[in-house]
Structures are given as structure tokens and as C-alpha cells.
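Okay, structure first, notes after.
Below, chains carry the letters A, B, ... as their sequence lines are ordered, and counting in each starts from 1.
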Amino acid sequence: MTEPIVNDLTIQAATVNGSGSQTANLVLTRAIFHMGIPVAPKNVFPSNIEGLPTWYQLRITPEGHMARSDKVDILIAFNVATWREDLKSVRPGGVVIHEEAFSTADVRTDVTYYPVPFSKLAKSKIQNDTLRKQLANMIYVGVVAGLLGIPWGAVEHGVKRQFLAKPKAVPVNLDAIKLGYDYWQDNFSKQDPYRLEPMTGAVEGKVLVEGNQAAALGALMGGVTVVAWYPITPSSSLCEYLIAYSDRFRLDEKTSEKNISVVQAEDELAAVGMAIGAGWAGARAMTSTSGPGISLMAEFSGLAYYAEVPVVIFDIQRIGPSTGLPTRTSQADIGFVYTLSHGDTKHLVLLPGTVEECYEFARDAFDHADRFQTPVFILSDLDLGMNLWMTPEFKYPDKKFDRGKVLSKQDLEKLAGEWGRYRDVDGDGVTYRTLPGTDHPAAGYFTRGSGHDEQARYTEGADAYARNMDRLAHKLETARHALPAPVVEESGSPIGLIAFGSTHSAVIEAREMLAAAGKKVDYLRVRALPLADEVARFVARHERVYVIEQNRDGQLYDLVRLALPAELVERVRSIRHYNGQPIPAIAITGPLMDREAVPA
Amino acid sequence: MSATVNRVGLPRDAYKGAATTLCAGCGHNSITNHMIKALYELGVEPHLLAKMSGIGCSSKTPAYFVETAHGFNGVHGRMPALTTGAHLANRQLIMLGVSGDGDTASIGLGQFMHMIRRNVDCTYIIEDNGTYGLTKGQFSATADLGSVQKKGAVNTFQPIDPCAVALALGCSFVARSFSGDGKQVVPLIKAAIAHRGTAILDIISPCVTFNDHDGSTKSYSWVKDHEESIADVSFIPFFEEVHVDWT
């Protein structure tokens with residue numbers, strides 16, 4: 001047997017969706033995390049409820065790499081329909097745990113096989129007819145635990161944590177896992193190099209959280225009180241988490257009634273419309289959607305931009321165009337969302353690159369929206385939103401809400417009622433508003449998506465129109481400086497990388513790989529649109545800059561070049577990954593090394 | 001001599017708005033006046049009123065009454081969404097939506113129905129003239145089968161009747177009236193505002209420019225010829241004593 005490989009492996013479970021496999025995978029993930037070992041799970045699932053192939057990749061590295069791995073060390077083959085294809089994904093020397101009944105005629109010989117009679121075990125040993133199908137998946141958790149040496153205590157923890165709300169389910173699941181655990185002990189001897197050993201110092205203070213869950217918490221901390229949404233993958237879980245959290249944390253102490261309104265709207269048009277109506281009336285309001293929904297929200301987004309109504313809109317990106325691949329990840333909405341709606345519309349867009357930023361940006365988005373009286377978009381994606389990520393625990397906010405420029409009754413009295421809704425008295429492009437219900441005769445004004453002057457009166461006047469549009473541009477420029485600045489990591493390399501969002505995890509790993517190969521590269525991570533000035537300065541400091549993103553057309557690449565003076569434009573190159581799978585590090589290092597090998 | 005004031009101490013003029021920009025004789029202007037009368041007599045506090053609308057001639061009218069109240073002229077057919085959101089944000093507000101037949105029965109039919117389904121506390125007035133006035137006279141979805149456009153085209157489709165739709169959805173307040181019948185419209189507006197839940201008021205409101213000719217079923221003469229008042233409508237708000245004349 002070769003040298004042992006400890007805590008550095010990728011498990012891929014190939015199962016059938018709707019069979020309970022996701023629960024088994026999560027138990028396994030939590031058990032390994034409990035050993036102090038960093039985990040990075042990625043769920044690749046179909047747009048379907050039951051019966052189609054689904055894959056769960058659990059990457060384990062001592063360094064805590066979070067990007068998808070392009071190699072499989074241990075395959076759990078549970079789906080006969082994909083068995084032959086799945087087998088091809090395993091690296092030479094890898095391990096295959098498979099249902100004993102699968103045909104093994106002419107299979108490859110460079111991997112180790114552990115055939116397990118999962119069906120027979122389930123039939124003969126699991127008495128509960130209704131739960132048998134679900135519990136059958138738990139058997140492979142036991143086999144893997146035996147194979148890799150996961151202590152039984154960690155397995156128990158994984159099950160208890162997974163069934164926190166259903167403690168009754170713990171014993172029956174543990175029994176099923178024990179079947180696999182015992183089967184391993186009784187029937188196999190270890191013939192492969194893979195092992196797991198408890199670690200210290202790698203995961204302390206960290207939790208496993210989905211990006212949508214983090215964003216829901218952030219929105220709650222941001223003081224959201226009106227949420228309107230329409231179900232769509234991969235965004236739905238954000239509002240579902242929000243509902244679950246508000247059931248616990250947003251109850252009035254005296255009446256026990258919820259002090260937050262959540263509406264499942266009839267479509268995305270209504271969802272964003274309700275949020276804008278609520279934002280206009282003074283609430284902190286939001287909606288959450290994905291591709292097709294964001295297309296439907298275009299018209300209302302223009303209204304909120306032009307009439308200057310605060311609202312927060314989450315876009316958890318999936319693959320388009322059109323319905324696209326509803327359960328696959330993408331970063332292809334960035335160009336569209338930035339200028340969503342007709343006319344000269346431009347929006348503030350936050351680009352979280354970690355689950356911690358999903359939390360923080362969601363929270364701060366409400367301040368930005370109130371401060372600048374405009375829609376704030378948060379662009380996440382399926383990978384970030386729906387997968388579990390290891391993250392430092394979130395901090396409780398230590399600052400007060402910034403409700404922006406709102407005139408109260410007392411303010412209006414002091415001004416003797418002299419004010420104009422769209423008058424730029426401070427010279428920053430941001431004007432004052434009043435909220436409906438303000439008890440002063442000068443408070444009321446007429447909000448409209450049609451042409452208006454400083455006093456919010458209807459006008460088709462050429463000068464008034466241009467003046468207002470110039471002020472809106474000025475307001476966006478003011479806002480640009482208040483948005484999260486780019487994160488720059490630099491050590492004087494002639495090569496720079498630019499990326500945003502969930503691509504971040506692959507960039508971290510790619511930079512380590514490149515550094516190990518003697519090629520250090522610098523990195524700027526964009527965290528908001530409009531782009532900060534630092535982006536152009538970063539390009540100016542580097543000879544060659546690669547913009548890395550998960551879309552076909554290089555949308556951020558285009559935005560970066562537009563922000564540059566002409567002499568810098570040619571320094572920028574584009575690396576794109578767009579097959580719906582989260583970008584692995586190799587999709588950066590490969591093209592980069594190829595391009596670097598060729599003189600420009 | 002002090003001017004006559006209502007129960008919140010405001011004169012009738014406090015309920016006026018900007019000058020109308022609609023055509024002279026437009027039914028919508030009459031409705032605006034009925035609205036001013038109803039809101040004044042009810043003693044609605046302007047700062048608690050939220051005037052909501054979509055797009056079209058009808059949707060301009062919230063600018064023409066209660067100038068000191070907040071108003072929101074949104075996007076076409078989506079007034080119900082804005083209204084629902086604003087209501088959720090501040091339950092003290094009196095939500096008053098003004099829409100048209102195109103805004104309600106065509107582009108906004110879905111939101112109209114879902115607002116009724118949710119029974120959002122608001123008054124929803126349809127200024128119904130059977131035509132698209134602002135785009136110069138195309139049929140709307142409430143135009144009757146066989147009615148004739150100004151240029152002679154005949155409508156070959158069944159109309160959508162907003163009241164029938166509302167009733168089918170179990171709306172708790174549905175009424176139809178005529179812009180020229182202030183005696184009926186004013187108490188209906190008051191009752192609709194007092195109603196807790198969605199109140200639908202479909203007011204036939206002739207378009208003098210594009211739909212007031214022979215062959216139209218939404219013209220002044222057609223409506224006057226066919227109007228049948230099925231009830232003597234009056235509304236007594238909670239703050240008024242009931243007077244009965246026994247003679």
C-alpha cells in the first residue's frame with residue numbers, strides 16, 4: 001500500500017434525488033467537520049423532485065479550500081443510471097464504494113472497489129417500510145465512516161446536529177449507519193491510502209452556513225420589516241430562512257404577533273412592486289429572486305431608480321438565458337442587473353464573495369438603500385447561496401441603522417414647510433424625503449415615474465429632465481465611494497487577477513497553486529458596482545491583469561475595461577468558466593499558464 | 001366669519017389638488033370632484049391618505065385632489081402591488097387607489113385579482129371608459145362586444161367585467177356607478193373608504209374625446225339612456241347622528 005493520504009480527499013456521492021441522500025450527505029459532512037477537519041460541500045442537483053441523478057461533492061483539505069475539486073478520490077456509486085459515467089470521474093488509485101448488484105463487467109482496474117449490498121441490507125435489516133428508502137442512504141455513511149476511520153462519536157454528533165428539530169429520528173438513523181459501519185468492519189480490509197484524523201486549529205470558531213441563510217440573517221439584522229417574494233430556485237431558501245428566523249426572532253413580546261410582513265406574491269412583478277411600495281412608505285423592504293424573476297423586475301427597478309425609492313433586491317444567480325439550467329450556478333446577471341430597466345438606469349450592486357459577506361452586505365444594503373434612496377442589488381449565486389460554507393461566526397452589528405435623509409414633522413416645522421423632494425440642498429445628489437403619514441401640511445408630495453422637477457411636480461421640461469438626470473448620476477457617484485471597497489492582496493507581481501463573488505474561493509486556491517509553481521500573482525476582488533477607482537489603479541500597477549468570472553461573455557471584463565483610460569485597456573485579459581459547475585482552481589491556473597506562455 | 005370646516009377642522013379647499021390636465025368634460029374630472037366631496041365630508045386627514053395609481057388618464061387624477069397628501073403614480077397595471085406594500089409598511093394609512101379599465105382589466109388583471117384575493121384594506125376605483133385615451137382610442141378589455149370605435153372598427157371580443165371578476169373572487173365590497181351621478185358616487189366612495197378590506201368601485205366614466213360617439217356603450221348618452229339606479233345609496237359614517245324624517 002502507498003503512503004497514507006490524510007485529510008486531503010474528495011468524496012463524491014452519486015445518488016438519486018428525492019431518496020433522502022442529501023440528509024445522509026449532510027450527516028457525513030457534519031461528522032467530519034466535528035473532527036476539526038475543514039469541509040467544502042457542493043451539491044449538484046437536478047431541477048426535479050424525485051428520481052433524477054444528483055451528486056454531492058464533499059471536499060476535505062487541511063488548508064480549508066472551499067472551491068470545487070475537479071478530481072474525485074472516493075466515489076459512492078448509488079445510482080445505477082449514472083454508474084458507468086460516475087466511474088470515469090474517479091482519479092487513478094481512488095476508491096469506489098458501490099452497490100454490489102451493479103454490473104462490474106469490464107470496469108477499470110486502477111481503482112479500489114468496495115462492493116456493498118445496500119439494497120439487501122436495507123431490505124433485511126430496516127424494519128420500517130416507509131423510511132427504508134431514506135435510511136438506505138444512511139448505510140453508506142456508515143461504510144464511509146468505517147473506511148476513513150471516522151470515530152463513532154463524530155457520527156453521532158453529525159446525526160444529532162442534522163436532526164436538531166427531530167430528535168426522534170436520531171436512533172433510527174444511527175441504526176442504519178451502524179449497519180454500514182459493521183458491514184465495513186466485518187467484510188473489508190483497508191486497501192486504499194485515504195484516512196481522516198482529528199485536527200485542531202483549523203475549524204475552531206467556525207460554522208457551516210449557506211449563503212442564503214447568511215443573507216436572511218443579515219436582512220433580519222438590517223431591520224427588514226416587509227418581504228415580498230415569489231418562489232424560484234436557487235433563491236427560495238433565502239426567504240424561507242427569513243420566515244423561519246422571524247418566527248423565532250421577530251415576535252412582539254406582548255402580543256406574540258410577528259412584527260414583520262412576508263408576502264408570497266403572485267409573481268416577481270408584484271413581489272418587487274410590494275417591496276417598493278413598502279420602501280416608499282418608510283419600511284425597510286426587500287425581495288429575493290433569480291434569473292427569470294430579475295428579468296420581470298426590470299420595469300419596477302427603473303421606477304425605484306427614477307422616483308428614488310429605497311428597496312433591497314437579492315439576485316441569487318443561476319444559469320440563463322431564459323429558464324436555462326435552474327439548478328446550476330452562474331455569474332451572468334452582473335451586466336444586466338447593473339443597468340436593469342430601460343433608459344439611463346444604473347444601480348448600486350453589492351457582490352458578496354463569502355457567506356460572511358452575504359450576511360454583512362445583506363445587513364448593510366438597507367443602510368445603502370435608505371442613504372441613497374435607490375434600489376440596492378445583492379448579487380449572489382447558487383454556489384454561494386445554496387451550498388454550506390465554512391465561515392467564522394458572524395458578528396452582531398455594532399452600529400445604528402442609517403435611515404438617510406428623512407424629514408420629520410419637526411424638521412418641516414423648522415423649515416417652515418420650505419423643502420423640495422428632489423432639491424439637492426447638500427450638493428451630494430442625495431435629496432430629502434418625507435414619509436407618508438407625516439403630520440405636516442407640507443409633507444405630502446406626488447411620487448411618479450414620469451418626468452418631475454425639484455418640487456416633484458410633473459414636467460416634460462427639457463432642462464428640468466436633464467438637471468434631474470445629472471443629479472441622479474451625481475448621487476450614484478456619491479454612493480460609489482460609500483460601497484464596500486475592493487479587497488487587494490499585492491506583493492509586486494507583474495500579474496494581477498480580478499474576480500468577484502463565489503469565484504473568490506477558486507482564486508484563493510489558484511494563487512496558492514501558482515505561488516507553489518513559482519508564479520506569484522496579485523489579486524483584487526471587486527465587491528460593488530459602480531467600480532471603485534482602485535480598480536483602474538490596480539490595473540495601472542500591473543502589466544497583465546486577468547479578469548476571472550463565471551459567464552460566457554466576460555461581463556466584468558467589459559465593465560473593467562470601460563472604467564479604464566485607453567492606454568490601460570490592453571493590459572486586461574479574460575478568463576471565463578460557464579458550464580454551470582462552480583469554478584475549480586484549475587479553470588484559472590490552466591488558462592492563465594497557457595496565456596502567460598504565449599507572448600502577448 | 002370663519003369658513004365652514006369638517007370634523008378635522010379643514011375647509012373643502014384643503015381637499016383640492018392641482019388643476020386637471022384631462023380633456024374638458026372628461027368623466028374622470030367629475031369623479032375627482034366626487035372624491036374631493038367624499039373625502040371632505042368624511043373628514044379624512046390628508047396626511048393619512050395615500051393616493052395610489054398606475055398608468056393612463058385615470059392614473060393622473062390623484063394629482064388633482066388632496067394636494068397635501070402623499071401620492072404614488074407607479075407603473076402600468078401594478079398599483080395593487082405598490083398599495084399592498086405601502087399598506088404593510090404603515091397600517092395607519094388610508095389607501096386609495098385610482099385605476100382605469102386598461103390598467104385594471106388588461107395589463108393589471110392579475111394584480112387586481114390577487115389584491116382582492118388578499119383582501120388588502122384599500123379602496124380601488126376604476127375610472128372605466130372602455131378605451132385607451134392616452135394612446136388615442138384603442139379598445140380596452142371592458143369595451144362591450146359590438147361597440148364601435150371612433151374610427152369605425154367594431155369590437156369582436158367579449159368584455160371583461162371587473163365587477164363580475166371581483167364578485168367571483170368573493171370581494172367583500174363591489175359597486176358600479178356612473179361618473180355623472182354624484183348622488184350615488186359620493187356615498188359609494190365614502191362607504192368604500194370606511195370598508196375594511198378591498199372595496200372595488202367600477203365607475204363608468206365617458207371619454208369625451210375617443211369614446212363618446214354613437215355606437216359606443218360608454219358614451220354619456222348611452223349611459224344616461226341605460227342607467228338604472230337599483231338602489232338609493234346613502235352612507236352614514238360613524239360620527240354622524242342618524243336623522244329620520246317621519247313625516
Looking at every non-hydrogen atom in both residues, tell me the closest pair between [X] and [Y] and how far apart they are.
X	Y	result
E299(A)	H76(B)	OE2-N, 4.2 Å
H70(B)	L435(A)	CE1-O, 3.4 Å
L88(B)	S261(A)	CD2-OG, 3.8 Å
A81(B)	A270(A)	CB-O, 3.6 Å
L269(A)	Q111(B)	C-NE2, 4.0 Å
A278(A)	A89(B)	O-CB, 3.5 Å

Please check if the number of heavy atoms outside [X] that lie under 6.0 Å from its [atom1] is greater than 12.
X	atom1	answer
K16(B)	NZ	no
Q455(A)	CD	yes
F157(B)	CZ	no
Y64(B)	OH	yes
K346(A)	NZ	no
D344(A)	CG	no
D252(A)	CG	yes

> H368(A): what forms a ring pair (Phe, Tyr, Trp, His ring centres under 6.0 Å) with it, not counting sequence neighbours?
Replying inline: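 Once residues adjacent in sequence are excluded, H368(A) has no partner under the ring pair (Phe, Tyr, Trp, His ring centres under 6.0 Å) criterion.
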> Which region of M79(B), side chain (C-beta onward) or backbone (N, CA, C, O), has a non-hydrogen atom less than 4.5 Å from a non-hydrogen atom of chain A, or is it both or neither?
Replying inline: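 M79(B) has no heavy atom closer than 4.5 Å to chain A.
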>> Using heavy-atom distances under 4.5 Å, tell me whether P62(B) contacts chain A through its side chain, its backbone, both, or neither.
In response: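 For P62(B), backbone and side chain are both near chain A.
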Go through [options] and name the one with the most non-hydrogen pairs under 4.5 angstrom from chain B.
options	result
G282(A), A265(A), A285(A)	A265(A)
G449(A), G437(A), A304(A)	G437(A)
R448(A), R284(A), E266(A), R457(A)	E266(A)
T438(A), D267(A), T225(A)	T438(A)
P436(A), G302(A), A275(A), A456(A)	P436(A)

Test item: [X] and [Y] side chains (from C-beta on) under 4.5 Å apart, heavy atoms:
X	Y	value
R78(B)	L303(A)	no
S450(A)	K60(B)	no
H440(A)	H47(B)	no

I need the residue from [options] with the largest number of non-hydrogen atom pairs under 4.5 Å to chain A.
options	result
T68(B), L48(B), I94(B)	T68(B)
A63(B), S59(B), A50(B), P46(B)	A63(B)
N90(B), V75(B), T84(B)	V75(B)

> Hey, what do you get for CZ (R118(B)) to CE (M274(A)), rounding to the nearest 0.5 Å?
Replying inline: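 One gets 4.0 Å once the value is rounded to the nearest 0.5 Å.
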>> Measuring from atom OH of Y458(A) to atom CG of N73(B), what distance do you get when rounded to the nearest 0.5 angstrom?
In response: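 Reported value, rounded in 0.5 Å steps: 9.5 Å.
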> Tell me, side chain or backbone of V272(A) under 4.5 Å from chain B's heavy atoms, or both, or neither?
Replying inline: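 For V272(A), neither part sits under 4.5 Å from chain B.
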> Going by the angle between their ring planes, with limits at 30° and 60°, are F72(B) and W280(A) parallel, tilted or perpendicular?
Replying inline: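 Ring orientation of F72(B) relative to W280(A): tilted.
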